[in-house]
Amino acid sequence: MGHRMLLLGIGAAVVGITGAIRGVANGASILEVLALLAVGALGVLLAVAYVIAYSNEKR
């Protein structure tokens with residue numbers, strides 16, 4: 001598991017959360033906002049999974 005997973009998680013979290021905020025501000029439908037929030041949540045999960053896996057690695 002490389003550092004690319006961490007970068008992907010951070011990127012997805014930023015894009016999803018900021019996209020959801022922008023969608024609410026622009027009057028997007030609830031489905032679009034929830035989809036963007038789901039992308040953000042998955043990004044956070046990827047980043048957390050990487051940190052946990054990295055902390056459990058034997059050095």
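The structure displayed is predicted, hence computed values, not measured ones.
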Enumerate, atom names and distances included, each donor-acceptor pair closer than 3.5 Å involving a side-chain atom of residues 29-41, sequence neighbours excluded.
| residue | atom | partner | partner atom | Å |
| --- | --- | --- | --- | --- |
| Ser29 | OG | Glu32 | N | 3.4 |
| Glu32 | OE1 | Ser29 | N | 3.3 |

- prompt: Quick one: hydrophobic cluster around Leu42, which other residues, with the 4.5 Å side-chain cut-off, linked directly or via members?
  reply: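 Other cluster members: Leu45.
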
message: Would you compute the distance between atom OH of Tyr54 and atom NE2 of His3 and round it to the nearest 0.5 angstrom?
response: 12.0 Å

Tell me which donor-acceptor pairs under 3.5 Å the side chains of residues 4-24 have, and how far apart each pair is, sequence neighbours excluded?
| residue | atom | partner | partner atom | Å |
| --- | --- | --- | --- | --- |
| Thr18 | OG1 | Val14 | O | 2.6 |
| Thr18 | OG1 | Val15 | O | 3.4 |

